[in-house]
**Q** 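First, the structure itself, so that you have it in front of you.
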Amino acid sequence: MKRFPFPLKFSIPTILILYGSFLGLVSFKQEITESYQKAETSSKDFVQTSASRTASILDYVYRRSDIEQAEIAISQLGSDPNLTSAILFDNRDIARLSNRYEIRDRQISETVAAPYAAIFTEVRSTMAGKIIFSKNREQLIAIYPVLLQSLPGELRPSRVGILFLEHDLTRIKQQSQQIALKRSLLFSGTLMIFCLGLWFFFDLTLTRRVARLVAVSNNLADGKLGDRASLSGSDEIAQISTAFDRMATKIQENTKALELSEERYNLAISGTNDGLWDWDLRTNAVYYSAVWMKILGYESDPLPLVLSTWSENVHPEDLASAEQDIQAHLRGETAIYENTHRMKHQNGHYIWTSAKGKCLRDEENQPYRFVGTITDITAKKEAEEELKMAKEAAEIANRTKSEFLANMSHEIRTPMNAILGFSDLLQGMTTDDRYQSYLQAIRSSGKTLMSLINDILDLSKIEAGKLELSYEEINLRVLINDIQQIFSLKAAKKGIQLLTTVDESVPEVIVFDEVRLRQILFNLLGNAIKFTKQGYVSIKVSSILSDDQTIQLTLQIEDTGIGITSENQTRIFDIFTQSEGQSTRKYGGTGSVSYTHLRA
């Protein structure tokens, strides 16, 4: 690009000086215009006077029914060389009189008055004449109302005709133009030189440089982001060029970043099972991604990008629900659109899809775009169905188990009732204290077992973890003595001592569930004896009285057996679990007792 040597701050004053000269020519043009306006005004006054006078004459001669005088009045108008048309139309807009004989008895549509037919109606309604210019302002049109002769039986004439005059302004304007032309010859040479100089100046300073900026802008719009204007100079156009090039560079950088972001997004979408859809609510146009088409089996032969592509492939039983959820979201009733429905695959079967989406809203809170995804969840649905079937099978097995336990518990209760019955009979048949204590232990253990059987019969409570404690008054010392009697024989056979110690702070009677307390002591004491080869097993009972008249009861079982390592002290509270080194074959049991920390 050629460098312009002057900045605009110097060139603008020069242009203003030249522009002052140009204003002289503009004022000359204004003089011509004013002369035209004067000619038009004088002609308008003349036509108005002529039309008004002629209309009055016609009113007069028609009241006297003197048609010949009316024709004479129209003919006299033809003597004016600038009056090209003088026509009298009747009330039906038919030309009755004219200075041109060939247009008489013609409709208005066949005459030069056709473009002004609408004004005829206005003039008749107002009974006031109008003077107007033609569209090219070459003719002056006069339209005046004329009362035609009365019909038989009329007191006053009811028909209104129209006097139409067309006055040609061409001659008057030509005369004005000739006068202006003579005066303009003096300035024509100077004006030509001025225009050439002004054109050359702006061509160097603005036209070529702006054309370069426009060309670069078009190249940027066409994707040629590397093109730059690179205009040199110190004027404002050069500064605009520099700012434009910086903007183009930023656009190029942002475009590359956007392309990279779109590439990452497309890679992320293509690597998932989510099909993208984009619905323009204003145009009803819909976009479906390649993954969307792939889910339905149309990756090689995509379906049309229309809304019916979705609605026609949704299962008929699911379509109403899906559309209802869509409308609810568009009304703003839900934050996110979610729906699960079946869609028809290309091979004819239906697949389960999970649809999610969200609409975009304008400033008036009206939705204009709806974007979302679909995911193929057929495998998940099948897994859920299999899980449902497995659950039903497990429930059947659970009911069978419950029935078995109930029957088994019933069968155990029969011999237990016999044992308890005979224990009661034997207690009445002997007075020996030793035998009495044995029978009492049998009877107490039998009642405990019967209580456990009753709990098994109420299996639903156990499975729900809602087995409730039955609180009653318990003589704790008698209870400990009964348990000692029950396990004393087993301890004696193993040659170990069974010791009991009840602290004096323990009250005689406490309120607790006797069956559960017996169960806890039986399990703990039985295991202590089982895993102790020699030495002793002791039961220690102590308590701490609280302010709310409750006690913290501590039952401590101590033995000289194999013990439990610190690593296994947590595991033994799991069901069917024994500490390592406790062989089932050697000691018996399966670890079926689930130990529980007890705070009584």
**Q** Mind running ring-ring contact (aromatic ring centres under 6.0 Å, His included) on F370 and Y337 for me, showing each step along the way?
**A** CA-CA 10 Å; F370 195 12; Y337 159 69; 5.7 Å; yes
**Q** With rounding to the nearest 0.5 Å, note down the distance linking OG1 in T378 to CZ in R342.
**A**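 So the gap between those two atoms works out to 11.0 Å.
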**Q** Could you state the interatomic distance from OG (S98) to CG (L88), rounded to the nearest 0.5 Å?
**A**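 Taking OG in S98 and CG in L88, the distance rounds to 9.5 Å.
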**Q** side-chain contact (heavy atoms from CB on, under 4.5 Å) between L307 and N284: does it pass, once the steps are laid out?
**A** CA-CA 7 Å; L307 184 61; N284 223 29; 4.1 Å; yes
**Q** Can you name the side chain to side chain contact (heavy atoms under 4.5 Å, CB included) partners of A51, sequence neighbours left out?
**A**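 For A51, the residues satisfying side chain to side chain contact (heavy atoms under 4.5 Å, CB included) (neighbours in sequence not counted) are A142, Y144, L165.
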**Q** Just wondering, more than 12 heavy atoms not from Q324 lying within 6.0 Å of its CD?
**A**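 At most 12 heavy atoms, drawn from other residues, nucleotides or ligands, come within 6.0 Å of this atom.
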**Q** Would you say that I326 contacts W279 through its side chain, given a criterion of any heavy-atom pair below 4.5 Å between the two side chains?
**A**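 I326 reaches W279 side chain to side chain.
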**Q** Set out, in order, the CA-CA distance, both residues' side-chain angles and the distance that settles side-chain contact (heavy atoms from CB on, under 4.5 Å) for W310 and Y288, then state yes or no.
**A** CA-CA 9 Å; W310 171 79; Y288 304 103; 3.6 Å; yes
**Q** Considering all heavy atoms of both residues, which atom of D376 and which atom of W352 are nearest to each other, and what is their separation?
**A**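 The answer is OD1-O, 3.2 Å.
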**Q** Any side-chain heavy atom of I351 sitting closer than 4.5 Å to one from I377?
**A**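 Side-chain contact under 4.5 Å: no.
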**Q** Within this structure, what is the CD-CZ distance for the pair E102 and R104, rounded to the nearest 0.5 Å?
**A**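 So the CD of E102 and the CZ of R104 are separated by 10.0 Å.
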**Q** Under the side chain to side chain donor-acceptor pair (under 3.5 Å) rule, collect the residues that match up with Y350, sequence neighbours excluded.
**A**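 Partners of Y350 by the side chain to side chain donor-acceptor pair (under 3.5 Å) criterion come out as none, since no residue qualifies.
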**Q** Are L140 and K44 close enough that some pair of their side-chain heavy atoms sits under 4.5 Å apart?
**A**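 In contact.
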**Q** Less than 4.5 Å apart, any side-chain heavy atom of E338 and any of S354?
**A**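 Answer no - side chains too far apart.
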**Q** Would you say L360 has more than 12 foreign heavy atoms packed within less than 6.0 Å of its CG?
**A**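 Count over threshold, so yes.
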**Q** Give me the atom names and distance for the closest heavy-atom approach of D227 to V216.
**A**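 Result for this residue pair: O-CG1, 3.9 Å.
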**Q** From L303 CG over to L296 CG, what is the distance, rounded to the nearest 0.5 angstrom?
**A**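 If we round to the nearest 0.5 Å, L303:CG and L296:CG are 7.0 Å apart.
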**Q** Can you tell me how far OG of S289 sits from NZ of K294, rounded to the nearest 0.5 angstrom?
**A**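 With rounding to 0.5 Å, NZ (K294) is 11.0 Å from OG (S289).
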**Q** Would you say the side chain of F46 lies within less than 4.5 Å of the side chain of H167, judging by non-hydrogen atoms?
**A**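 With C-beta onward as the side chain, the pair touches.
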**Q** Quick one: does any side-chain atom of H341 pair with a main-chain N or O of L319 as donor and acceptor, under 3.5 Å?
**A**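 Side chain of H341 to backbone of L319: no pair is present.
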**Q** Can you list the residues that meet the side chain to side chain contact (heavy atoms under 4.5 Å, CB included) rule with A243, with sequence neighbours excluded?
**A**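 Checked A243 against side chain to side chain contact (heavy atoms under 4.5 Å, CB included); matches are R246.
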**Q** Is there a side-chain contact between F133 and L169, using heavy atoms and a 4.5 Å cut-off?
**A**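 Touching, per the 4.5 Å side-chain cut-off.
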**Q** With D93, which residues qualify under side chain to side chain donor-acceptor pair (under 3.5 Å), at least two apart?
**A**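 Side chain to side chain donor-acceptor pair (under 3.5 Å) list for D93, sorted by chain: R124.
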**Q** How would you list all residue pairs meeting salt bridge (Lys or Arg N to Asp or Glu O under 4.0 Å) that involve residues 131-151, not counting sequence neighbours?
**A**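 Those involving residues 131-151 are E40-R137.
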**Q** Salt bridge check, E312 against K344: does any charged N sit closer than 4.0 Å to a carboxylate O?
**A**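 Salt bridge: no.
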**Q** State whether the number of non-hydrogen atoms from other residues, nucleotides or ligands found under 6.0 Å of Y60 atom OH is greater than 12.
**A**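 Incorrect, the count does not exceed 12.
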**Q** Might you work through the side-chain hydrogen bond (donor to acceptor under 3.5 Å, both in side chains) test for D274 and T375, ending with a clear yes or no?
**A** CA-CA 5 Å; D274 295 333; T375 305; 2.6 Å; yes
**Q** Testing the basics here: between I87 and A95, what is the closest heavy-atom pair and its distance to 0.1 Å?
**A**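 Closest approach of I87 to A95, heavy atoms only: CG2-CB, 3.6 Å.
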**Q** What I'd like to find out is whether the side chain of L58 reaches to under 4.5 Å of the side chain of L163, using heavy atoms alone.
**A**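 Answer yes - side chains close enough.
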**Q** Kindly state each residue pair satisfying side-chain hydrogen bond (donor to acceptor under 3.5 Å, both in side chains) with at least one member in residues 360-370, sequence neighbours excluded.
**A**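 Pairs touching residues 360-370 that pass the test: D278-R369.
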**Q** Mind listing the closest non-hydrogen atom pair of K356 and W277 along with its distance?
**A**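 So the two residues come closest at O-CZ2, 3.7 Å.
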**Q** I'd like to know if the side chain of D90 reaches the main chain of R92, judged simply by a donor and an acceptor atom lying under 3.5 Å from each other, with no hydrogens or angles considered.
**A**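 Yes; judged by distance alone, with no hydrogens or angles, the pair exists.
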**Q** Please enumerate all residues that pass side chain to side chain donor-acceptor pair (under 3.5 Å) together with D59, with sequence neighbours excluded.
**A**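 For D59, no residue satisfies side chain to side chain donor-acceptor pair (under 3.5 Å) once neighbours in sequence are set aside.
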**Q** Quick one, R159 and L147 - any side-chain contact, counting heavy atoms below 4.5 Å?
**A**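 Side-chain contact under 4.5 Å: no.
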**Q** Identify the two heavy atoms, one from T84 and one from E166, that lie closest to each other, and give their separation to 0.1 Å.
**A**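 Of all heavy-atom pairs spanning T84 and E166, the closest is OG1-OE1, 2.7 Å.
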**Q** Could you list the donor-acceptor pairs under 3.5 angstrom formed by side chains in residues 250-257, with sequence neighbours left out?
**A**
| unit_1 | atom_1 | unit_2 | atom_2 | d |
| --- | --- | --- | --- | --- |
| Q252 | OE1 | R228 | NH2 | 2.9 |
| N254 | ND2 | K250 | O | 3.3 |
| T255 | OG1 | I251 | O | 2.6 |

**Q** Considering non-hydrogen atoms only, spot the tightest contact between R100 and S85 and give its length.
**A**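 R100 and S85 have their closest heavy atoms at NH1-OG, 3.8 Å.
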**Q** Can you give the donor-acceptor pairs under 3.5 Å from side chains of residues 386-396 to other protein atoms, not counting sequence neighbours?
**A**
none

**Q** Write out all pairs satisfying salt bridge (Lys or Arg N to Asp or Glu O under 4.0 Å) with one or both partners inside residues 46-56, taking only residues at least two apart or from two chains.
**A**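 Of all non-adjacent pairs touching residues 46-56, none passes salt bridge (Lys or Arg N to Asp or Glu O under 4.0 Å).
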**Q** List the steps, then state whether side-chain contact (heavy atoms from CB on, under 4.5 Å) holds for L330 with L281.
**A** CA-CA 10 Å; L330 295 180; L281 300 175; 4.0 Å; yes
**Q** Report the distance from atom NZ of K358 to atom OG1 of T334, rounding to the nearest 0.5 Å.
**A**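 The distance works out to 8.5 Å.
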**Q** Can you sort out the partners of N313 under side chain to side chain donor-acceptor pair (under 3.5 Å), two or more places apart, ordered by chain and number?
**A**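 Partners of N313 under the side chain to side chain donor-acceptor pair (under 3.5 Å) test: none.
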**Q** Please step through side-chain contact (heavy atoms from CB on, under 4.5 Å) for the pair I74 and L97, ending with a clear verdict.
**A** CA-CA 7 Å; I74 294 298; L97 300 175; 4.0 Å; yes
**Q** Can I get a per-line list of side-chain donor-acceptor pairs under 3.5 Å for residues 110-123, giving both atom names and the distance, sequence neighbours left out?
**A**
| unit_1 | atom_1 | unit_2 | atom_2 | d |
| --- | --- | --- | --- | --- |
| T111 | OG1 | I108 | O | 2.8 |
| T111 | OG1 | A113 | N | 3.3 |
| E122 | OE2 | K130 | NZ | 3.4 |

**Q** With the threshold set at 4.0 Å, does a side-chain nitrogen-carboxylate oxygen contact exist between R282 and D280?
**A**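 Counted as a salt bridge, because a side-chain N and a carboxylate O are separated by less than 4.0 Å.
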**Q** Would a distance-only check, ignoring hydrogens and angles, find a side-chain to backbone donor-acceptor pair under 3.5 Å from N347 to H349?
**A**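 A pair under 3.5 Å: yes.
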